[in-house]
Engineer: 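Here you go, one structure.
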Amino acid sequence: MNYKETGADKAFTFINYTVLTMLFIAVAYPLIYVISASFSSSSAIIQGKVFLWPVNFNLDGYKAVFNYASIMTGFANSSFYMIVGTSVNIALTVMIAYPLSRQNLIGKRVISLMLIFTMIFNAGLIPNYLLIDKLDLIDKRAVMIIPKALNVWNVMITITYFRRTIPKELLEASQIDGCDDFKFIRMVVLPLSKPILAVITLFYAVEHWNAFFDAFLYIKSASLRPLQIVLREILVQNQISMDMISSIDPENLAVKENLATLLKYSLIIVSSLPLMLLYPFIQKYFVKGVMVGSVKG
Amino acid sequence: MKSTSRKNNKIRKKGFFKRSLKRDWQLYVLLLLPLTYIIVFKYVPLWGVQIAFKNFVATKGIGGSEWADPLFKNFIKFFSDYNFWRVIKNTLGLSLYGLIAGFPLPIIFALSLNYVRNVKFKKTIQMITYAPHFISTVVIVGMLLQFFSTRTGIINQIIMSMGFNEINFFGTKGTFPHMYVWSQIWQSLGFSSIIYIATLAGIDPSLHEAAIMDGANKVRRMWHIDLPGIMPTAIVLLTLNLGRILNVGFEKVLLMQNPVNLNQSEIISTYVYKIGFQSALPQFSYSTAIGIFQSIVGFILIVTFNKISRKVSESSLF
């Protein structure tokens, strides 16, 4: 709509843009700094020369990351947990959400109440641990997938989406054409639900890729560890095995220590990359997904 | 007369159920697996909650362990625990600080973004501010440690370049809540604003047009149209947040803990974890009791606030 801005409006617009720009810088700066540092030389970081752009551009940090065996193991494990886990999630979510989106299914109300109840009451740490122990899942790959097979919140969003976007007439028409439920889901529901499937795929993938505590509690073997556990050792506990870095032949201890700092920045980038690559493709569906999810009941 | 009609009703219902089963059997087949999951992983652990009232012995199992005497022994133990007040104070303190500092910001951000006409500027801001949401907690804590580290951290390098002495942020008492809360806000600001942005997009544009006709400027329109428009959403979210007031981000606090900040950073959930898994003698029953206490307080807060908000603003969660 076109109209002439008054003086007060001009002032408002000016302040608004200023505030937003400042907020933008506050969020973006740490991200830019990490990226720049990861491409700089370790001595430039230590001496405080990196401020905005990379200084003495080089890839030593990334070389160190890719030469670090346990990082690569963690990367492979996390990828496995994410891909298999998310596939299981999507399958189960559609399997429960579609029937519950059908108006006349007997028992729908009871099942919905059962789901909502789990959102309010959670048994807590110890009872869950005892169950995992009883099911003999401790230190198994499956422990990263099966206990997280469904997220009730994502189920709720999906139900609402199905109910809103799959018209009843469509079901009736295809039933007249002799379409059964399995076929209807495959041929009609899934193709119509790409936006919501994209959003929950991202949510589930993020959950799996960033999962830390489950692994911390249930995974013991080094060979099964996801990336987040390795990240904790390196980034938080500062346990960097110098032997791993030595393949880039640092001559003395100081250089090794500097390289450890550089390695951390590169590691932050490498470990966040998979999600950052996935996210721009799905970003456009966010508003729709959130809108659907915010509807009550 | 009446009884026969009721009987007929029953028969009809039975027939209805049979027909539904026959017609929708494929849907019930689909439900089988997910329902099994829900029952096994969400309801079976609830049965295990009873160990809070027992003297749990691993070899005897959940059902076989003896009831505690008195029944609320583990709860009483928590209330008289010398850590009780410290843990409650830290949990509530962190939570309230996070809520007061973090709750209004996404609203202000969304309102502000709503008046940006330049689509490119708007999209860029959204793209960048959503991104931190996808960074894992471990990496966030890692970034904090890097940025605030002495000697090599960028924050200290800036402080020193301005001629001040460097600060050992992680080794100083009292810095923990600020680092925790503000890094949380940095990470979640953009993503939490999405819901408000979506709500604002749903406000009827004719309201704005009418207001412009009446000579209202942008500030007035924001105050009288946009803000009331997102109030119901804001109240629902506030209620949900209050219910989670005792569930401060457990992972992040656990990762950020060190001996210097422990006095401020020990919260209910980290305490539950330590009692259950880290002590020399794991006390599963005691730990579960503390967890239950946390859920009950959260539940009471949600119900209470819901009642208040229904009275005050006529919008509520349920």
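Lettering follows sequence order; numbering is per chain, from 1.
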Engineer: Side chain, backbone, both or neither: which part of Asp133(A) has an atom under 4.5 Å from a heavy atom of chain B?
Structural biologist: neither

Engineer: Is a side-chain donor or acceptor of Asn210(A) paired with a backbone partner of Phe134(B) at a separation under 3.5 angstrom?
Structural biologist: yes

Engineer: Atom CD1 in Ile268(A), atom CE in Met143(B): separation rounded to 0.5 Å?
Structural biologist: 6.0 Å

Engineer: Among Phe284(B), Trp25(B), Tyr37(B), which residue forms the greatest number of heavy-atom pairs with chain A at distances under 4.5 Å?
Structural biologist: Tyr37(B)

Engineer: Only pairs of heavy atoms separated by less than 4.5 Å count here; which of Leu31(B), Thr152(B), Leu189(B) has the most with chain A?
Structural biologist: Leu31(B)

Engineer: Heavy-atom pairs under 4.5 Å with chain B - which of Leu20(A), Val19(A), Asn128(A), Leu125(A) has more of them than the others?
Structural biologist: Leu20(A)

Engineer: What part of Phe12(A) gets within 4.5 angstrom of chain B, counting heavy atoms only: side chain, backbone, both, or neither?
Structural biologist: side chain

Engineer: Please name the pair of heavy atoms, one in Ile128(B) and one in Val27(A), separated by the smallest distance, quoted to 0.1 Å.
Structural biologist: O-CG1, 4.0 Å

Engineer: Testing the basics here: between Ser295(B) and Asn122(A), what is the closest heavy-atom pair and its distance to 0.1 Å?
Structural biologist: OG-O, 4.3 Å

Engineer: Is the count of non-hydrogen atoms from other residues, nucleotides or ligands lying under 6.0 Å from Phe299(B) atom CZ greater than 12?
Structural biologist: no

Engineer: Measure distances from Leu92(A) to the heavy atoms of chain B and classify the residue's part below 4.5 Å as side chain, backbone, both or neither.
Structural biologist: both

Engineer: Side chain, backbone, both or neither: which part of Gln146(B) has a heavy atom under 4.5 Å from chain A?
Structural biologist: both

Engineer: Any side-chain heavy atom of Val94(A) within less than 4.5 Å of one from Leu30(B)?
Structural biologist: no

Engineer: I need the minimum non-hydrogen distance between Met276(A) and Ala131(B), along with the two atoms involved.
Structural biologist: CE-O, 3.3 Å

Engineer: So, do Val139(B) and Leu231(A) sit near enough that their side-chain heavy atoms are less than 4.5 Å apart?
Structural biologist: yes

Engineer: Which answer fits Ile296(B), side chain, backbone, both or neither, if we ask what part of it has an atom under 4.5 Å from a heavy atom of chain A?
Structural biologist: neither

Engineer: Kindly indicate whether the side chain of Leu135(A), heavy atoms from C-beta on, has any atom under 4.5 Å from the side chain of Val40(B).
Structural biologist: yes

Engineer: Less than 4.5 Å to any heavy atom of chain A: does that hold for the side chain of Leu113(B), its backbone, both, or neither?
Structural biologist: both

Engineer: What is the minimum heavy-atom distance between Met95(A) and Pro34(B), and which atoms define it?
Structural biologist: CB-CG, 3.8 Å

Engineer: Taking side chain as everything from C-beta outward and backbone as N, CA, C, O, which of these in Leu254(B) sits under 4.5 Å from a heavy atom of chain A? Side chain, backbone, both or neither.
Structural biologist: side chain

Engineer: Would you check if the distance from the ring center of Phe24(A) to the ring center of Phe121(B) is below 6.0 Å?
Structural biologist: no

Engineer: Under 3.5 Å, side chain of Gln157(B) to main-chain N/O of Ile46(A), donor-acceptor pair present?
Structural biologist: yes

Engineer: Any idea which of Trp209(A), Tyr265(A), Phe216(A) has the most non-hydrogen atom pairs under 4.5 angstrom with chain B?
Structural biologist: Tyr265(A)

Engineer: Mark yes when over 12 heavy atoms from residues, nucleotides or ligands other than Tyr28(B) sit less than 6.0 Å from its OH; otherwise mark no.
Structural biologist: yes

Engineer: Is Val49(B) close to chain A through its backbone or its side chain, or both, or neither, when contacts mean heavy atoms under 4.5 Å?
Structural biologist: both

Engineer: Measure centre to centre between the rings of Tyr273(B) and Phe213(A), then say whether the value is under 6.0 Å.
Structural biologist: yes

Engineer: Are the side chains of Ile154(B) and Phe51(A) in touch, meaning some heavy atoms are under 4.5 Å apart?
Structural biologist: yes

Engineer: Heavy-atom pairs under 4.5 Å with chain B: which of Ile185(A), Leu275(A), Leu130(A), Val206(A) has the most?
Structural biologist: Leu130(A)

Engineer: Where does Asn118(B) contact chain A at under 4.5 Å (heavy atoms): side chain, backbone, both or neither?
Structural biologist: both

Engineer: For the interface with chain B, which of Gln237(A), Gln175(A), Gln228(A), Arg232(A) has the highest count of heavy-atom pairs at distances below 4.5 Å?
Structural biologist: Gln228(A)

Engineer: Pick whichever of Thr261(A), Thr21(A), Leu31(A) has the most heavy-atom pairs under 4.5 Å with chain B.
Structural biologist: Leu31(A)

Engineer: Please flag which part of Val50(A) lies under 4.5 Å from any non-hydrogen atom of chain B: side chain, backbone, both or neither.
Structural biologist: backbone

Engineer: Using modelled atom types only, decide if a donor and an acceptor are shared between the side chain of Tyr130(B) and the backbone of Tyr279(A) within a distance under 3.5 Å.
Structural biologist: no

Engineer: Can you tell which part of Leu150(A) gets under 4.5 Å to a heavy atom of chain B, answering side chain, backbone, both or neither?
Structural biologist: both

Engineer: Using non-hydrogen atoms and a 4.5 Å limit, figure out which bit of Ser271(A) sits close to chain B: side chain, backbone, both or neither.
Structural biologist: side chain

Engineer: In terms of heavy-atom pairs under 4.5 Å, which option from Ala11(A), Gly107(A), Pro147(A) contacts chain B the most?
Structural biologist: Pro147(A)

Engineer: Select, from Gly48(B), Ser112(B), Ser149(B), the one with the greatest count of heavy-atom pairs under 4.5 Å involving chain A.
Structural biologist: Ser112(B)

Engineer: Taking Asp181(A) for its side chain and Gln26(B) for its backbone only, find out whether a donor-acceptor pair lies under 3.5 Å.
Structural biologist: no

Engineer: Please report the closest heavy-atom contact between Leu27(B) and Pro99(A), naming both atoms and the distance.
Structural biologist: O-CG, 3.7 Å

Engineer: Flag the pair Phe147(B) / Tyr33(A) as yes when their ring centroid distance falls below 6.0 Å, and as no otherwise.
Structural biologist: yes

Engineer: Thr118(A) versus chain B, heavy atoms under 4.5 Å apart: side chain, backbone, both or neither?
Structural biologist: both

Engineer: With respect to chain A, which residue among Ile135(B), Val141(B), Leu255(B) yields the maximal number of heavy-atom pairs within a distance under 4.5 Å?
Structural biologist: Leu255(B)

Engineer: Is Thr124(B) close to chain A through its backbone or its side chain, or both, or neither, when contacts mean heavy atoms under 4.5 Å?
Structural biologist: both

Engineer: Taking side chain as C-beta onward, heavy atoms only, is Lys148(A) less than 4.5 Å from Phe41(B)?
Structural biologist: no

Engineer: Take Ile106(A) and Asp24(B) through the side-chain contact (heavy atoms from CB on, under 4.5 Å) test and state the conclusion after the steps.
Structural biologist: CA-CA 9 Å; Ile106(A) 302 233; Asp24(B) 295 332; over 6 Å; no

Engineer: Mind checking whether Leu46(B) and Pro127(A) have side chains closer than 4.5 Å, heavy atoms only?
Structural biologist: no

Engineer: Need one label for Met160(B): side chain, backbone, both or neither, based on atoms under 4.5 Å from any heavy atom in chain A.
Structural biologist: neither

Engineer: Name the orientation class of the two ring planes belonging to Tyr129(A) and Phe277(B) (parallel below 30°, tilted from 30 to 60°, perpendicular beyond 60°).
Structural biologist: perpendicular

Engineer: Which atoms of Leu278(A) come close to chain B, meaning under 4.5 Å heavy atom to heavy atom: side chain ones, backbone ones, both, or neither?
Structural biologist: neither

Engineer: Is Ile146(A) in contact with chain B via its backbone, its side chain, both, or neither, using a 4.5 Å heavy-atom distance?
Structural biologist: both

Engineer: Heavy-atom cut-off 4.5 Å, strictly under: side chain, backbone, both or neither for Tyr29(A) against chain B?
Structural biologist: side chain

Engineer: Which pair of non-hydrogen atoms, one from Tyr17(A) and one from Arg117(B), has the smallest distance, and what is that distance?
Structural biologist: OH-N, 3.4 Å

Engineer: Any non-hydrogen side-chain atom of Leu235(A) less than 4.5 Å from a side-chain atom of Leu145(B)?
Structural biologist: no

Engineer: Non-hydrogen atoms of chain B under 4.5 Å away: do they reach the side chain of Ile234(A), the backbone, both or neither?
Structural biologist: neither

Engineer: Backbone N or O of Ala26(A) within a donor-acceptor pair of the Trp186(B) side chain at under 3.5 Å?
Structural biologist: yes

Engineer: Checking heavy atoms, do the side chain of Ile96(A), its backbone, both or neither come under 4.5 Å from chain B?
Structural biologist: both

